Amino acid sequence: PHLSESNAKDWIKALKGQDPLTQAAILDMFAAKTYTPALDEIIKYVSSKNLDVQKAAVNATVKLGGAAKLPELIALMNKGNAQDIQSIAEGIRRMEKGGVPETISAYLGNSKPEVKVALIKILADKAANEQIDFIYSELKSASPEVKSAAFNALKNVAFASNQAELFSLL
């Protein structure tokens with residue numbers, strides 16, 4: 001398919017009436033052509049029940065919006081089910097580090113436990129040492145899954161300069 005400024009609005013309208021495979025292909029096209037004006041429409045498909053459409057929407061949102069769309073993606077994780085959380089977390093994991101750990105930390109405290117686990121794992125994957133205080137705070141979580149994720153994250157985010165805090169955990 002061909003995407004241009006003149007027919008982009010037609011492609012956006014066409015998304016609604018298509019089968020999932022075609023929707024995923026259109027979303028992939030928007031991402032490949034880096035057509036950012038479609039971003040507000042694309043993000044609506046992040047909550048799709050169809051996994052192919054959902055993954056295409058997450059990929060397009062991450063590619064076109066990057067860290068600027070992180071608050072919306074985290075909000076969708078908090079409204080979503082396990083599949084939504086996993087798909088969106090995979091997309092966030094692919095984002096460049098710049099600004100991502102800070103935004104994740106800002107939303108960590110208000111997230112549901114399943115989302116906290118996913119976000120803590122992302123912080124660990126990005127070796128976000130500057131966010132270690134947020135991970136420390138989750139060590140006191142009432143949720144065993146969150147507490148475990150926070151402990152596991154320490155091996156990737158703690159540096160020698162954090163030695164005193166680590167010894168206090170013993």
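What you see is a predicted model, and the numbers here were worked out from it, not measured in a lab.
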For Ala60 versus Leu39, what's the shortest heavy-atom pair and its separation?
O-CD1, 4.3 Å
What heavy-atom pair brings Lys116 and Leu108 nearest, and what distance separates the two atoms?
CE-O, 3.1 Å
To the nearest 0.5 Å, atom CD1 of Ile26 lies from atom CD1 of Ile12 at 10.5 Å
Nearest-0.5 Å distance, OG of residue Ser105 to CD1 of residue Ile135
7.0 Å
Val58 reachable from Leu21 in the ILVMFWY side-chain graph, under 4.5 Å edges:
no
Taking atom CG of Asp28 and atom NZ of Lys63, what is their separation to the nearest 0.5 Å?
9.5 Å
Please identify each residue that fulfils side-chain contact (heavy atoms from CB on, under 4.5 Å) with Asn7, with sequence neighbours left out.
His2, Leu3, Ser4, Asp10, Trp11
Close side-chain approach of Val46 to Ile88, heavy-atom, < 4.5 Å
yes
Residue pair Val146 / Pro113: nearest heavy atoms and the distance that separates them:
CG2-O, 3.5 Å
Heavy atoms from other residues, nucleotides or ligands near NZ of Lys112 exceed 12 (cutoff 6.0 Å):
yes
CD of Glu90 to CZ of Arg94: how many Å apart, nearest 0.5 Å?
7.0 Å
Closest approach of Ile74 and Tyr107, non-hydrogen atoms and distance?
CG2-CB, 3.8 Å
Ile92 and Val62: which non-hydrogen atoms are nearest, and at how many Å?
N-CG2, 4.3 Å
Any pair counted as side chain to side chain donor-acceptor pair (under 3.5 Å), so long as it reaches residues 42-52, sequence neighbours left out:
Glu41-Lys44
Please list, chain by chain and in numerical order, all residues satisfying side-chain contact (heavy atoms from CB on, under 4.5 Å) with Gln83, sequence neighbours excluded.
Leu51, Gln54, Asn81, Ser87
Residues that Asp40 engages under side-chain contact (heavy atoms from CB on, under 4.5 Å), provided they are two or more places apart
Lys69
Mind checking whether Asn59 and Leu27 have side chains closer than 4.5 Å, heavy atoms only?
no
With sequence neighbours excluded, tell me which residues meet side chain to side chain donor-acceptor pair (under 3.5 Å) with Asn110.
none
Out of curiosity, Leu73 CG to Ile85 CD1, how far, rounded to the nearest 0.5 Å?
13.0 Å
Closest approach of Met95 and Lys126, non-hydrogen atoms and distance?
O-NZ, 2.5 Å
How long is the straight-line distance from CG of Leu70 back to OG1 of Thr61, given to the nearest 0.5 Å?
11.5 Å
State, with a plain yes or no, whether a side-chain heavy atom of Phe30 is found less than 4.5 Å away from one of Leu15.
yes
With Ala89 via side-chain contact (heavy atoms from CB on, under 4.5 Å) - residues at least two apart
Met77, Arg93, Ala118, Ile122
